[in-house]
Amino acid sequence: MMKKTLDASKYLSTRGGIKSVDFCDAVMMGLATDGGLLVPAAIPQVDGTTLDSWRSLGYLDLAFEVMRPFVGNALPPATLRQLIRDSYATFDTTDIVPIKPLDGNNLYLAELYHGPTLAFKDVALQFLGNLFAEILRQRGGCLNILGATSGDTGSAAIHGVRGKAGIEIFILYPEGRVSPLQERQMATVPDANVHCIAIKGTFDDGQRVMKQIFNDLPFKQKNHLGAVNSVNWARILAQVVYYFWGAFRVQEQSGSHEAIQVAVPTGNFGDIFAGYVAQRMGAPIARLLLATNENDILSRFFNTGVYAKGAVQPTLSPSMDIQVASNFERYLYYRLGENALQTKGLMKEFEQTGSITLQGADPVFAAGRGDTSATLATIKKHFENHGTLLDPHGAVGVAVAEANPLPGCKTLCLETAHPGKFPAAVGQALGNDTLARHDSLEQLKSLPLRKTLLEPTVPVIETFIIQTLAERS
Ligand SMILES: *Cc1c(COP(=O)(O)O)cnc(C)c1O
């Protein structure tokens, strides 16, 4: 039995400025209207009997059990089940997230890349796309998603909503500055509700224009604009599932009932925050090992207590090239004992000074940094010694896991992308980039690109959105 079931389906802001809302409202709200992030009013506690009954479930049934208390009455149980089924029917394996031994000893690997765009963001964005469509079906209306991407998020978001009734998606990306494969994953999608905008500028130009358009409130409301960024609670929730799944599979495969360590390559703190929720619910997780590349604001925080911004440095693991982690505020809220007033104060201090300091440590977390040379060496070593080809993001996690074993525990390393998405990095590690291939990426090479090249200014992009929506209605 679960306790606190009701509370878990009501959502509050980390800054305390909203009345509680239900799960569907939280999903549609994205960011809380007071500038904070939405969190459940309580995290459900899973007791030992329930936990044991979950061990034998397949991925889809487990997802239903983990998500249900957070959804509450906002969706009928049969609808939630169907959403989960539809979301993972696009994966190329019935295990959804296969868990395998990595080094024949203490390390295991969670393959999170079996979705349509070959990165872990599919686990959440396939679910979010179906959830948006279901909420629109219930409530009527439409949703026009606007996003700016430097690569992975845009394609996962597009694949989450392609072909869905009532939803259009506009993705801005910098022309000539995403990898050719990444562009193909976005601009070859043939569905008429997908609109790729290649801007004549940088990623920052795209992000700036997107923020300006979201701040143009009359435009935003009139055109039903919505976002799919990683602060959406539904994205976190879908990711909580594989922490339970992974811990069960590692215990099963190793024959040990010890709780495990999970090593998580981190950028926006979304994925590892989902692990924290799972740990607090009672998943058999002894420690979360946070791994960053050279952009190490988060690993510095867990090692020193100081959360201080630096300048973003491009690396081989671009999806982790982030300095201000948008989900960190959720962790801060729990670290401060769910005190919204203190959270708001510290976030304000961070916005003003670029730095905050917390006293004490959190035994649930350890952290380390895997730099470029460690990433390359790890890819090479695991390919040569164990025949496993890691992508550069997963390699950061494995490098940090090898440097930070937890005595008596197995470590599950999250592999967040298929190596075929990053042939240049794999080539640099192995001296041969033909090893990093995936059939679905090869097929894209012969498809036509559908994109519009535009100047990154608010009037140009807004006009394009208005004209496109008029043509589509
Ligand atoms: C987004 C991403 C990450 C980082 O995930 P966060 O939730 O932002 O911490 C890691 N690896 C890959 C491949 C990604 O696309």
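Atoms within a ligand are numbered from 1 in the order they appear, just like the ligands themselves. Counting from 1, the numbers follow the sequence of the chain as shown.
- For ligand 1, residues of the protein lying within 4.0 angstrom by heavy-atom distance are Phe120, Lys121, Asp152, Pro265, Thr266, Gly267, Asn268, Phe269, Gly270, Asp271, Ser319, Met320, His393, Thr416, Ala417.
- The only option from Asn303, Thr292, Asp296, Asn295 that meets the side-chain hydrogen bond (donor to acceptor under 3.5 Å, both in side chains) definition with Arg369 turns out to be Asp296.
- Arg335 has its side chain within reach of Leu358: a pair of non-hydrogen atoms, C-beta onward, lies under 4.5 Å apart.
- Ring geometry for Phe350 versus Tyr307: interplanar angle of 30 to 60°, hence tilted.
- Aromatic ring centres of Phe273 and Tyr331 lie farther apart than the 6.0 Å criterion allows.
- The shortest side-chain heavy-atom distance between Ile197 and Ile171 does not fall under the 4.5 Å cut-off.
- Cation-pi geometry between Arg235 and Trp233 is not satisfied (NZ or CZ under 6.0 Å from the ring centre, within 45° of the ring normal).
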